[in-house]
Amino acid sequence: MTAVNATSALAEVAGARRGVSMRTTVGIIGAGPAGLLLARLLHNAGIDSVVLESRDRAYVEQRQRAGILEQGTVDVLRAAGAGERMDREGLRHDGIELRFARRRHRIDFPALTGGRSVTVYAQTEVCKDLIALQLQEGGPLLFGAEALAVEGAGTDRPRVRFRREGHGGQEGQEGQEGREGREEVLECSYVVGCDGFWGVARKAIPEKLVQVFERTYPFGWLGILADVPPSHDELVYARHDRGFALLSMRSPAVSRLYLQVPEGTDAGTWSDGKVWDELERRFETADGWRLRRGPVTAKSVTPMRSHVHEPMRYGRLFLAGDAAHIVPPTGAKGLNLAVGDVVTFARALAHLRETGSGELLDAYSGTCLRRVWQAERFSYEMTAMLHRAPGATPFEDRIQLARLERLASSRAAAQDLAEGYTGFALE
Ligand code: RFL
Ligand code: PHB
């Protein structure tokens, strides 16, 4: 038997191995889109897993984040049996609008990419669908279970130390008990850190092997959700001397809008009226386009950063999604990159099981990073083209406008943007 099928789902082994309360083939830390989709892909391939998530279900299902799924992400969700509601409720978008100098220019995706498009379907909904499937037919998904550390990543039995809220752990085990719960150990054949930017998994990789590439931006995005039909039927990315603005949506009745604001802005200092006035200014066009206003139901500020952690693998620990890389949201790439990583991992593990060859697992980090860097570049360029950096010079303003003019007048330039936006292929 291979290591993959030798392990049983959730074997409770009190006493068999000191401190081990569960065993599985793949220990997954984090139930964001990366961890949830990975659990689903592994389940479909007949490989057992346990997902540990520090927050509760309601929090994970309501955390407002991404809105755009690349064609490849849609295809993966559908093939994984998680696309039913997405196919019913998701909105197919065949283009975006670039707005600058009070003018509008549409980028037509199918015409420029040989038929590709994107789908507007919120990350909250992707997570709800995957959670429901996992709880109905998948392996254990433990909410309120915080991973404390990954140990033995360089061995063939890596372990995740974790604590479950209000859970006493195994009878007869030693450990600290209390309201916080007792420490437990998940023993695995592989651990995948899908625990986002603030997670613990990547700390298990020896520092001397790690290279971090990072850039922070001197601005953030103030995002609102509003109960009002979107003012345009496609996304609008606007470059304005006062800063960037984005019009997006969650459904035909709910708008999602963003404003570039200075780094460290407190969302509480922006009244709803001030947000709408500023959006109106930045979206203004010469042809009299109107912004619809409505009740604001959420308001928050997101910082912007680019971050890549190399390598994405150490021994039997693999990093996926935001745990390994962050992009500024301008390119709508974060969730889509996370999907690419876990597809790559699940394929590689299935390949090992089918052929006995670990070559794809060994190639994991390099395979993922090639696509990650294309998305980093794309997101960086979109951000640089559309945001106004504090202290930007008139020269820099003209360069931004020249870039946008080029997109509006050259098919080759527009094609490059359309290809990047609709997604870089998985290897
Ligand atoms: P997540 O979603 O951060 O999930 C990580 C999970 O791990 C849990 N966790 C732990 N669990 C157990 N033990 C621990 N010690 C743990 N530490 C953390 C966390 O509670 C959480 O549940 O990472 P994942 O799965 O890699 O997914 C990445 C995406 O969430 C992210 O890249 C996108 O949201 C980025 N993003 C966008 N991506 C797109 O593809 N298209 C978009 O349109 C888009 N728009 C956005 C975005 C991100 C935004 N913000 C808020 C950063 C718009 C915004 C405003
Ligand atoms: C969103 O709808 O939240 C969204 C859409 C496009 C982006 C970023 C965020 O580039």
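Whatever order the structure lists them in is the order used to number ligands and atoms, beginning at 1.
- Geometric assessment of Arg215 against the ring of Tyr217 yields a positive cation-pi assignment under the 6.0 Å and 45° thresholds.
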Between ligand 2 and the protein, give all atom pairs where both partners are nitrogen or oxygen and the distance is under 3.5 Å, as lines of names plus distance to 0.1 Å.
unit_1	atom_1	unit_2	atom_2	d
ligand 2	2 (O)	Ser248	OG	2.6
ligand 2	2 (O)	Arg250	NH1	2.9
ligand 2	3 (O)	Arg65	O	3.4
ligand 2	3 (O)	Arg250	NH2	2.8
ligand 2	3 (O)	Tyr258	OH	2.6
ligand 2	10 (O)	Tyr237	OH	2.8
ligand 2	10 (O)	Pro329	O	2.8
ligand 2	10 (O)	Thr330	O	3.2

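- Under the side chain to side chain donor-acceptor pair (under 3.5 Å) criterion, Glu419 pairs with no residue at all, not counting sequence neighbours.
- Per-residue contacts place Arg63 under 4.0 angstrom from the following atoms of ligand 1 (heavy atoms of the residue considered): 19 (C), 20 (O), 21 (C), 22 (O).
- Counting atoms of ligand 1 from 1 in the listed order, those under 4.0 Å from a heavy atom of Cys194 are 5 (C), 6 (C), 7 (O).
- Backbone and side-chain nitrogen or oxygen atoms of Gly67 are examined, and one is located within less than 3.5 angstrom of a nitrogen or oxygen of ligand 1.
- Residue-to-ligand polar distances keep Phe197 apart from ligand 1: every N/O pair is separated by 3.5 Å or more.
- Between Tyr258 and ligand 1, no pair of N/O atoms sits closer than 3.5 Å.
- Listed by atom number, the atoms of ligand 1 under 4.0 Å from Leu52 heavy atoms are 11 (N), 12 (C).
- Residue Gly321 approaches ligand 1 through these ligand atoms, each under 4.0 Å from one of its heavy atoms: 26 (O).
- A search for side chain to side chain donor-acceptor pair (under 3.5 Å) contacts involving Tyr364 returns nothing, not counting sequence neighbours.
- Here's the thing with Arg55: none of its N/O atoms is less than 3.5 angstrom from an N/O atom of ligand 1.
- Each of the following atoms of ligand 1 lies closer than 4.0 Å to a heavy atom of Gly32: 2 (O), 4 (O), 6 (C), 22 (O), 25 (O).
- By the 3.5 Å distance cut-off applied to N or O atoms, Ser54 is counted among the residues near ligand 1.
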Would you mind writing out the side-chain donor-acceptor pairs for residues 294-304 within the sub-3.5 Å range, not counting sequence neighbours?
unit_1	atom_1	unit_2	atom_2	d
Thr297	OG1	Leu225	O	3.3
Lys299	NZ	Trp270	O	2.7
Lys299	NZ	Asp272	OD1	2.7

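- Geometrically, ligand 1 and Trp198 share no nitrogen or oxygen pair separated by less than 3.5 Å.
- Interface atoms of ligand 1 facing Ala145, defined by a heavy-atom separation under 4.0 Å, are 12 (C).
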